[in-house]
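Here the structure comes first, spelled out in structure tokens, and everything after it is commentary.
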Amino acid sequence: MASLRSRLNTAPVTSERLELVSMSPQFIEALLAGRRDEAVAEGGFTFPESWPDAHDRGFLNFRLRQMRERPENQEWYVYAVVLPEGERPMIGHAGFHGPPGANAVKAADAVEVGYSVFVPYRRRGYATEVVRALIGWASREHGIRRFIASISPDNEASLALVRRLEFQEIGRHWDEEDGEELEFELLISDGA
Ligand SMILES: CC(C)(COP(=O)(O)OP(=O)(O)OC[C@H]1O[C@@H](n2cnc3c(N)ncnc32)[C@H](O)[C@@H]1OP(=O)(O)O)[C@@H](O)C(=O)NCCC(=O)NCCS
């Protein structure tokens, strides 16, 4: 049990300005139950009064159920994006849709990225930095070479982000919750 717990307390993924802290089931449980002080202690960062909204509550509940079924997959789910200074504010969240194979194009060797930055922190390059950090982590730690992103055709910010990172558009699909989405893929070489 001790070894399982220490394995699940995955080390933060760091980038130039940010830390990505994996959200544990204990963190999400405390947050959703309104035990916010406990969540702050568990996560090691602070978050806005207004978070999570109804959408993110549903999303976090879903991730919690997935982690209860497969605790070993925690590192493939959701990370708090944290500014590592002062009260360590959370400025957004990001992660993968799940382990390799959990992606819109059902490619066994690919992972899909997801990301969101809270409004006051947008347009400072944070999301770009986060996605680069996730790609670097997955390629270093797990040898992943293929990354997917699904984006609504009217989400200009997210489209600009993936294009800047040189993802290529490869198709489109209909998502029950989000409607039409464009599929993007990034293939990286072994040396990247
Ligand atoms: C998409 C999102 C994560 C971008 O976060 P961000 O930290 O502002 O992104 P970056 O600062 O790295 O900017 C990426 C680039 O997108 C473009 N961009 C950002 N906001 C834009 C907007 N409102 N309109 C047009 N282009 C925009 C710019 O080219 C920007 O670079 P620039 O500011 O140097 O011009 C953020 O807008 C967000 O959280 N949106 C809601 C959730 C969401 O849509 N997530 C993605 C789902 S696929």
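In what follows, every heavy atom counts, from backbone to side chain, and hydrogens, waters and symmetry copies are set aside. We count ligands from 1, going down the list as the structure has it; atoms in each ligand are counted the same way.
Those atoms of ligand 1 with a heavy atom of Thr128 less than 4.0 angstrom away are 10 (P), 12 (O), 14 (C).
Checked against the 6.0 Å centroid threshold, His97 and Trp76 do not count as a close aromatic pair.
Of the candidates Val113, Asn155, Leu161, it is Asn155 that places a heavy atom closest to atom 44 (O) of ligand 1. When the options Ala149, Ala160, Ala127 are ranked by their closest heavy atom to atom 2 (C) of ligand 1, first place goes to Ala127. By heavy-atom distance, the residue among Arg163, Glu181, Arg123 lying nearest atom 23 (N) of ligand 1 is Arg123.
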Next on the checklist: Go through it in stages, so that I can follow the logic: the residues are Ile151 and Phe184, the test is side-chain contact (heavy atoms from CB on, under 4.5 Å), and I'd like the CA-CA distance, side-chain angles, deciding distance and then a yes or no.
Outcome noted: CA-CA 8 Å; Ile151 305 175; Phe184 289 84; 4.1 Å; yes
Checklist entry - Taking it one step at a time, do Phe96 and Phe147 satisfy ring-ring contact (aromatic ring centres under 6.0 Å, His included)? => result CA-CA 10 Å; Phe96 303 97; Phe147 297 86; 7.2 Å; no
Next on the checklist: Working note: Glu29 + Arg68, criterion salt bridge (Lys or Arg N to Asp or Glu O under 4.0 Å); need CA distance, chi angles, decisive distance, verdict.
Outcome noted: CA-CA 11 Å; Glu29 264 164 11; Arg68 280 184 182 138; 2.8 Å; yes
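At least one N or O atom of Gly125, backbone or side chain, sits closer than 3.5 Å to an N or O atom of ligand 1.
Of the residues listed (Phe27, Trp51, Tyr79), the one engaging Phe45 in a ring pair (Phe, Tyr, Trp, His ring centres under 6.0 Å) is Phe27, and it is the only one.
Judged by the shortest distance from any of its heavy atoms, Arg164 lies inside the 4.0 Å radius around the atoms of ligand 1. The closest approach between a heavy atom of Ser150 and any atom of ligand 1 is below 4.0 Å.
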